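Because the structure is a prediction, the values reported are computed rather than measured. Numbered from 1 within each chain, the chains take letters A, B, ... in sequence-line order.
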2 protein chains.
Amino acid sequence: MKEVSSVDVAISPTEKFQEYLTTRGMRLTRERMIFVEEVFADHEHFDADTIIERVSHRKDGRSVSRSTVYRVLGLLEEAGMIRKVARQNDKDVFEHDYGYAQHDHFICEKCGELTEFSNDKIRQMVEEIAAEFGFRLSHHRLEGHGVCATCSAPPQRRHHKLDMI
Amino acid sequence: MKEVSSVDVAISPTEKFQEYLTTRGMRLTRERMIFVEEVFADHEHFDADTIIERVSHRKDGRSVSRSTVYRVLGLLEEAGMIRKVARQNDKDVFEHDYGYAQHDHFICEKCGELTEFSNDKIRQMVEEIAAEFGFRLSHHRLEGHGVCATCSAPPQRRHHKLDMI
DNA sequence: GTTATTGCAAACCATTTGCAAGTGT
DNA sequence: ACACTTGCAAATGGTTTGCAATAAC
């Protein structure tokens, strides 16, 4: 039902960022290119440490400092390419907001895991309610809080050979 | 199954907290009473500083220290009476989870106005999706972002941007 | 050549914690 | 009396920032 799908993007994240920087008189540095490359390498959620880790284990020896990572995270957020989606272990968690379809989350209160889902009926329903209020909806944000399947599962019980008899 | 949307509260927040404390062998101290009194004095969202401010301007001279405020915030959260809803200005923001029905918001990007609404179908739908994922839902948070009726109306009278805390 | 940007280390700041004194039951 | 609690101050840890060196345009 709810596979969150990626969306066709006309230009690459790097180009998109380039565009943003240029209109602000800012520069596309080597560090920023590396950073964007790593951040958009997959669609996973991430925090600052994840990226810091990745930009310091590059084969090409190039790296990006901790402070620059934080600074570029801010820029990408302002550029509307990523956004803070939650807090896990006292860290800000980000996700792509560029090249990724609208989706919602379940947030596990035990392990902090984020599960994505996407549902047209909900989107449609929010639109209808908005219309009733004369509210011009641009997007919504829905978080389901609770306990994920893994964390609410009973303690793992081993299969014993006797069980099969 | 726990009923998260129940509004009819038989006992006061303080009594409810008392109940929680007792079952854990903890004590209802003067500080905790003051704290609960302040926190449940209104329905607004709040952060630690808001409460610290309030418990230090009391007419009766009683006060609650910063550390105790943080400690009791944790207890009230564990007791299921409040919950973190967001992060604003690098601070955790809480709201009541006891005595008030589940509700959602439209948030106007122009004037900042919050329009509350409540819709059973959406809650039901989120529950269904949660069930599919084996996610044990306790509550959800839904924000509709866009422009409110007043602000999207022709320039007659306009809301002014409010500072939201 | 300018001017933005980087990296380092130090600063920040909300939140947490150790500990001795204080208090509820 | 016995634990549980408080308040203070110090610690924690993610994030930010000042500044001199460096790189983009």
Chemist: Between B:Asp42 and B:Arg54, is there a salt bridge with N-O shorter than 4.0 Å?
Modeler: yes
Chemist: More 5' along DNA chain C: B:Asp90 or B:Ser67, using each one's nearest nucleotide?
Modeler: B:Asp90
Chemist: Could a donor-acceptor pair under 3.5 angstrom be found where the side chain of A:Arg27 meets the base of C:dT3?
Modeler: yes
Chemist: Tell me the interatomic distance from B:Phe94, atom CZ, to C:dA14, atom C1', rounded to whole angstroms.
Modeler: 11 Å
Chemist: Is the shortest side-chain N to carboxylate O distance from B:Glu78 to B:Arg24 below 4.0 Å?
Modeler: yes
Chemist: Run the salt-bridge test on B:Lys91 and B:Asp49 with the 4.0 Å N-O cut-off and return the result as yes or no.
Modeler: yes
Chemist: A:Leu21 CG to D:dC25 C1': how many Å, rounded?
Modeler: 13 Å
Chemist: Do the side-chain N or O atoms of A:Arg71 get closer than 4.0 angstrom to the phosphate oxygens (OP1, OP2) of C:dC8?
Modeler: no
Chemist: Could you give the CG-to-P distance, from B:Asp47 to C:dA14, as a whole number of Å?
Modeler: 9 Å
Chemist: Check this one for me: any side-chain N or O of B:Thr29 less than 4.0 Å away from OP1 or OP2 of D:dT6?
Modeler: yes
Chemist: Do the side-chain N or O atoms of A:Arg32 get closer than 4.0 angstrom to the phosphate oxygens (OP1, OP2) of C:dT5?
Modeler: yes
Chemist: Out of D:dA24, C:dT15, C:dG24, which has the shortest distance to the side chain of B:Ala48?
Modeler: C:dT15
Chemist: Is any side-chain nitrogen or oxygen of B:Tyr70 closer than 4.0 Å to OP1 or OP2 of C:dT15?
Modeler: yes
Chemist: Rounded to whole Å, please give me the gap between CE in B:Met26 and P in C:dT23.
Modeler: 19 Å
Chemist: Distance from A:His103 atom NE2 to A:Tyr100 atom OH, nearest 0.5 Å?
Modeler: 5.5 Å
Chemist: What's A:Asp92 touching, base or sugar-phosphate or nothing? Going by heavy atoms closer than 4.0 Å.
Modeler: sugar-phosphate
Chemist: Taking only side-chain nitrogens and oxygens of A:Arg87, does any of them come within less than 4.0 Å of OP1 or OP2 of D:dG13?
Modeler: no
Chemist: Given D:dG7, is OP1 or OP2 found less than 4.0 Å from the side-chain N or O atoms of B:Thr68?
Modeler: yes
